[in-house]
*Asks:* 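Before I ask anything, let me first share the structure, which is written out below as structure tokens.
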Amino acid sequence: MFPSAREYLRKKLKTALDKIGIQVNGIELILDKPKNEQYGDFATNIAMLIAKKVGREPREIANEIVANLEIEPELVEKVEIAGPGFINFKLTPKFYIQRVYEILNQGENFGKLAIGKGKKANVEFVSANPTGPLTVGHGRNAALGDTIANILEWVGYDVTREYYFNNAGRQMRILADSVRLRYLELLGEEIVYPEEYYQGEYIKDIAKLLIDKYGDSLKNEKDLKIFKETAESVIFEDIKRTLAKLGIKFDVFYNEDWLYEKKIWEVVSELEKLGYIYEKDGAKWFKATKLGGGQDKVLVKSTGEPTYRLPDIAYHIEKFKRGFDLIIDVFGADHIAEYPDVLRALEALKYDTSKVKVLIYQFVTIVKDGEVVKMSTRKANYITLDELIDEVGPDVVRFFFLNRSRDAHLNFDLNLAKKQSEENPVYYLQYAHARIASILRFAKDSGIDVERTRDANMELLVEKEEIDLAKLLNEFPDIVEVAYLSLEPLKIINYLNEVAEAFHSFYHRHRVVNSNDMGLTLARLSLCVAAKIVIANGLKILGISRPEKM
RNA sequence: GCGCCCGUAGCUCAACGGAUAGAGCAACGGCCUUCUAAGCCGUGGGUUGCAGGUUCGAGUCCUGCCGGGCGCGCCA
């Protein structure tokens, strides 16, 4: 296997550092891509970092490192020391062409890594209780969670996509009674519909369903069971349908109820044994302050009922017990105050909380007709995720939600959503893919055996745009790694944008299919195929379709 | 009062502590008789909220302020 440029240089640098006998413990060997081309393809600041540690001149160390690099001249064009002590590398076109061969050989596996091989990951996301349709806010959660799961699969993890829900408690009772009242209303009874009940039209739809099924036989039904169960199943089906439109499918729907019988009480007694529990005002408190928390928290109310924290803790313990090496929670910013206490409890119970990654994304603000719309399932003044998908399509929805960092607030102007979608950046990526597909079709129609591209002599690629594109394609596995380390799908989008840009630029300047020069045609077609592979693999990770035609 | 996030071009947002802060949209000017113009090339647009600090180097880290968002319950 021919390594990526970063991998190659990193290895060479490590060998050189070993030879000099410099300890690089705790110093990360970073190979940066300089913005300015004059500084080469990659640069490292390692000499400066070492200098700081050992108190020597950075350039002197850089010199020593460079002197000990065992580099193949046919792969590395130039090594330079610059500025305060950067070491700059420029690789040869030959290097990048080797990488194009590598892409063609690996095909749809190009970019897959072995970091997570043999490890199990659990990604919990969406986790909306079945009280109503998914909101646009859930959409961000869904897109993030599913894409992060994709990234983990791409780096080798065995991934479980999990949805945690609670179909018990007060909100569900209100939901059931909301349905019951709408049911009576449809039967012509006078009802008073409380303001705090669910206001959405979907409640009436469920009530209608009950009339279709049971007529007026539930008129005097005092038990809410049938209303609750019907509402829950209808809403859950609806949620699943919406998620399916986004290409999302869960492996496990975990019911919070499963924890109540036994598991939460085990948590309490374990914590008690370790001295993290005390009683006050008839309630059981968790000593969060003993573990760095700002205030102690109630785990068991004076009524004997658990607070929401307790099942949360028990649930995470279950995940540990189920053998996951990596446990990811995708939460909205409203959970910001909740997870530290859960982690503290897990720590107290001696679980390795470094396995737990809590990903908090900032809120989606919806603007409609110039007004900020507060999302509330109960008030029904929201735009559903389903409506949004129908309006702009699943690709645009996923892209829209992924195309910013988790920490950034997301302004969603509904009036502009559709308009923007017509000029949406997602099409820029898809267009590059479709364009390549079109070129390949054209080549085939012109009687060229596209399969032969693997045997092409790619040394014929010498134009700047060709090498620039090859350079970028070479990086894809590095980018997947960065996306994995940061758990930020945005990294992949930014990269694909660069690839698409490089491809369009190449396409514009250089004709691919040219019957007068079959050698060059085959070489360029190979480059196109490689670009298509990279774009397709990237879009696959993002869960965005890869059109052959647009 | 306390905790977390944000503040970068007119708008929406990028930028592992690196060298001259970048894209898209919007504005302006070019490019289709040959493989997809959903594209390409170019122009204009910035005191990175403010003030200090850390260091070879700060949009990025630290402190304080200003402004916006989300939380801080014996609700979930």
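Convention: sequence-line order gives letters A, B, ...; per-chain numbering from 1. Note that these values count all heavy atoms, side chains included, but never hydrogens, waters or copies made by symmetry.
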*Asks:* With the stacking rule set at 5.5 Å and 30°, tell me whether A/Phe86 counts as stacking on B/rG18.
*Replies:* no
*Asks:* Contact class for A/Glu488 (heavy atom, under 4.0 Å): base, sugar-phosphate, or nothing?
*Replies:* nothing
*Asks:* Do any N or O atoms from the side chain of A/Thr135 and from the backbone of A/His138 form a donor-acceptor pair under 3.5 angstrom?
*Replies:* yes
*Asks:* For A/Thr131 and A/Gln171, which I'm curious about, is there any donor-acceptor pair between the side chains at under 3.5 Å?
*Replies:* no
*Asks:* Scan A/Gln38 against the nucleic acid and name what it touches under 4.0 Å (heavy atoms): base, sugar-phosphate only, or nothing.
*Replies:* base
*Asks:* Can a side chain N or O of A/Lys284 be found less than 4.0 Å away from OP1 or OP2 on B/rC74?
*Replies:* no
*Asks:* Whole angstroms only, please: what is the CG-P distance between A/Leu175 and B/rA76?
*Replies:* 17 Å
*Asks:* Which is true for A/Ala337 with a 4.0 Å heavy-atom rule: it touches a base, it touches only sugar-phosphate, or it touches nothing?
*Replies:* sugar-phosphate
*Asks:* Report the distance from atom CD1 of A/Ile174 to atom P of B/rA76, rounded to the nearest whole Å.
*Replies:* 12 Å
*Asks:* What does the 5'-to-3' dot-bracket notation of RNA chain B look like when only Watson-Crick and G-U wobble pairs under 3.5 Å count, and pairs to other strands show as |?
*Replies:* (((((((..((((....[...)))).(((((.......))))).....(((((..]....))))))))))))....
*Asks:* Would you call A/Lys532 and A/Glu548 a salt bridge, using N to O less than 4.0 angstrom?
*Replies:* yes
*Asks:* Report which part of the nucleic acid A/Ala434 touches: base, sugar-phosphate, or nothing (heavy-atom distance under 4.0 Å, all strands).
*Replies:* base
*Asks:* Which nucleotide sits closest to the side chain of A/His508: B/rA37, B/rC72, B/rC40?
*Replies:* B/rC40
*Asks:* Rounding to a whole Å, what distance do you find between A/Phe503:CZ and B/rA38:P?
*Replies:* 14 Å
*Asks:* Round to a whole Å and report the spacing from CG of A/Leu496 to P of B/rA14.
*Replies:* 17 Å
*Asks:* Nearest-Å distance, OH (A/Tyr339) to P (B/rC70)?
*Replies:* 18 Å
*Asks:* Using a cut-off of strictly less than 4.0 Å, decide whether A/Lys444 has a side-chain nitrogen or oxygen near OP1 or OP2 of B/rC35.
*Replies:* no
*Asks:* Starting at atom CG of A/Leu410, determine the distance to atom C1' of B/rC11, rounded to an integer number of angstrom.
*Replies:* 14 Å
*Asks:* Determine the interatomic distance between C1' on B/rC40 and the same-named atom on B/rU55; round to the nearest Å.
*Replies:* 43 Å
*Asks:* Please classify the glycosidic conformation of B/rC32 as syn (within 90° of 0) or anti (everything else).
*Replies:* syn
*Asks:* Please determine whether a side-chain nitrogen or oxygen atom of A/Gln362 lies at a distance below 4.0 Å from atom OP1 or OP2 of B/rC4.
*Replies:* no
*Asks:* Would you measure the distance from the P atom in B/rG45 across to the matching atom in B/rA51 and give it in whole Å?
*Replies:* 23 Å
*Asks:* What's the spacing between A/Glu338 CD and A/Asp329 CG if we round to 0.5 Å?
*Replies:* 9.0 Å
*Asks:* Rounded to whole angstrom, note down the P distance from B/rG52 over to B/rG59.
*Replies:* 14 Å
*Asks:* Consider only side-chain N and O atoms of A/Glu488 and A/Ser405, and report whether a donor and an acceptor are under 3.5 Å apart.
*Replies:* no
*Asks:* Kindly indicate whether the side chain of A/Tyr308 and the base of B/rA76 share any N or O donor-acceptor pair separated by less than 3.5 Å?
*Replies:* yes
*Asks:* Whether A/Arg309 contacts B/rC74 is assessed here as follows: a side-chain N or O lying under 4.0 Å from the phosphate OP1 or OP2. Is that the case?
*Replies:* no
*Asks:* If you compare every side-chain N and O of A/Ser505 against the phosphate oxygens of B/rG39 (OP1, OP2), does one of them come in below 4.0 Å?
*Replies:* no
*Asks:* Using a cut-off of strictly less than 4.0 Å, decide whether A/Tyr428 has a side-chain nitrogen or oxygen near OP1 or OP2 of B/rC40.
*Replies:* yes
*Asks:* Phosphate oxygens OP1/OP2 of B/rC13: is one of them under 4.0 Å from a side-chain N or O of A/Arg404?
*Replies:* yes
*Asks:* With respect to the side chain of A/Ile336, which nucleotide from B/rC40, B/rG71, B/rC16 is positioned closest?
*Replies:* B/rG71
*Asks:* Can A/Phe363 be called stacked on B/rG69 when the rule is centres closer than 5.5 Å and an angle between planes below 30°?
*Replies:* no
*Asks:* Specify the separation, in whole Å, of atom CZ of A/Arg406 and atom C1' of B/rC4.
*Replies:* 14 Å
*Asks:* The side chain of A/Ala333 lies closest to which of these nucleotides: B/rC70, B/rC72, B/rA15?
*Replies:* B/rC70
*Asks:* On a whole-Å scale, what distance lies between the P atoms belonging to B/rU48 and B/rA19?
*Replies:* 15 Å
*Asks:* Give A/Asn514 one of three labels, base, sugar-phosphate or nothing, depending on what nucleic acid heavy atoms sit under 4.0 Å from its own.
*Replies:* nothing
*Asks:* Given the C1' atoms of B/rA14 and B/rU8, what is the spacing between them in whole Å?
*Replies:* 10 Å
*Asks:* Counting any heavy atom closer than 4.0 Å, what does A/Asp334 reach on the DNA or RNA strands: base, sugar-phosphate only, or nothing?
*Replies:* sugar-phosphate
*Asks:* Would you mind checking if A/Arg6 and A/Asp478 are paired as a salt bridge, meaning a charged N to carboxylate O distance below 4.0 Å?
*Replies:* yes
*Asks:* Do we see a donor-acceptor contact under 3.5 Å between the side chains of A/His510 and A/Glu465?
*Replies:* yes
*Asks:* Would you say B/rG73 has OP1 or OP2 under 4.0 Å from some side-chain N or O of A/Lys301?
*Replies:* no
*Asks:* Does A/Lys471 come within less than 4.0 Å of A/Glu498, counting only side-chain N to carboxylate O?
*Replies:* no
*Asks:* Can you tell which of B/rA37, B/rC35, B/rA76 lies closest to the side chain of A/Asn166?
*Replies:* B/rA76
*Asks:* Can a side-chain donor-acceptor contact be found between A/Asn514 and A/Thr521 if the only test is distance below 3.5 angstrom?
*Replies:* no
*Asks:* Check every strand shown and say whether A/Asn88 touches a base, only sugar-phosphate, or nothing at a heavy-atom separation below 4.0 Å.
*Replies:* base
*Asks:* Heavy atoms under 4.0 Å, any strand shown: does A/Asp407 hit a base, just sugar-phosphate, or nothing?
*Replies:* sugar-phosphate
*Asks:* Go through B/rC35, B/rU36, B/rC56 for me and flag the one nearest to the A/Pro84 side chain.
*Replies:* B/rC56
*Asks:* When we call it a touch if two heavy atoms are under 4.0 Å apart, what does A/His409 touch: a base, just sugar-phosphate, or nothing?
*Replies:* base
*Asks:* Taking the C1' atom of each, how far is B/rC50 from B/rG30, in whole Å?
*Replies:* 42 Å
*Asks:* Name the residue closer to the 5' end of RNA chain B, choosing between A/Ala443 and A/Asn411 according to the nucleotide with the nearest heavy atom.
*Replies:* A/Asn411
*Asks:* Would A/Tyr315 and A/Tyr164 satisfy ring-ring contact (aromatic ring centres under 6.0 Å, His included), going step by step from the backbone distance to the final call?
*Replies:* CA-CA 9 Å; A/Tyr315 178 42; A/Tyr164 178 65; 4.0 Å; yes
*Asks:* Is A/Asp32 side chain donor-acceptor paired with the B/rG18 base, going by distance under 3.5 Å alone?
*Replies:* no
*Asks:* What's the gap between B/rG69 and B/rU12 when it is taken at their P atoms, as a whole Å value?
*Replies:* 15 Å
*Asks:* Just checking A/His510: base, sugar-phosphate only, or nothing, at a heavy-atom cut-off of under 4.0 Å?
*Replies:* base
*Asks:* Under a 3.5 Å distance rule, please check whether A/Thr44 uses its side chain to pair with a backbone N or O of A/Ile30 as donor and acceptor.
*Replies:* yes
*Asks:* If you measure from the P atom in B/rG10 to the same atom in B/rA27, how many Å do you get, rounded?
*Replies:* 16 Å
*Asks:* Is any side-chain nitrogen or oxygen of A/Tyr507 closer than 4.0 Å to OP1 or OP2 of B/rA37?
*Replies:* yes
*Asks:* To the nearest Å, how far apart are A/Lys52 NZ and B/rG18 C1'?
*Replies:* 11 Å
*Asks:* Let me spell it out: for each of A/Ala43 and A/Ala500, pick the nucleotide of RNA chain B with the closest heavy atom. Which residue's pick is nearer the 5' end?
*Replies:* A/Ala43
*Asks:* Looking at every non-hydrogen atom in both residues, tell me the closest pair between A/Val512 and A/Cys528 and how far apart they are.
*Replies:* CG2-SG, 4.0 Å
*Asks:* Should A/Ser405 be listed as having a side-chain N or O under 4.0 Å from OP1 or OP2 of B/rA14?
*Replies:* yes
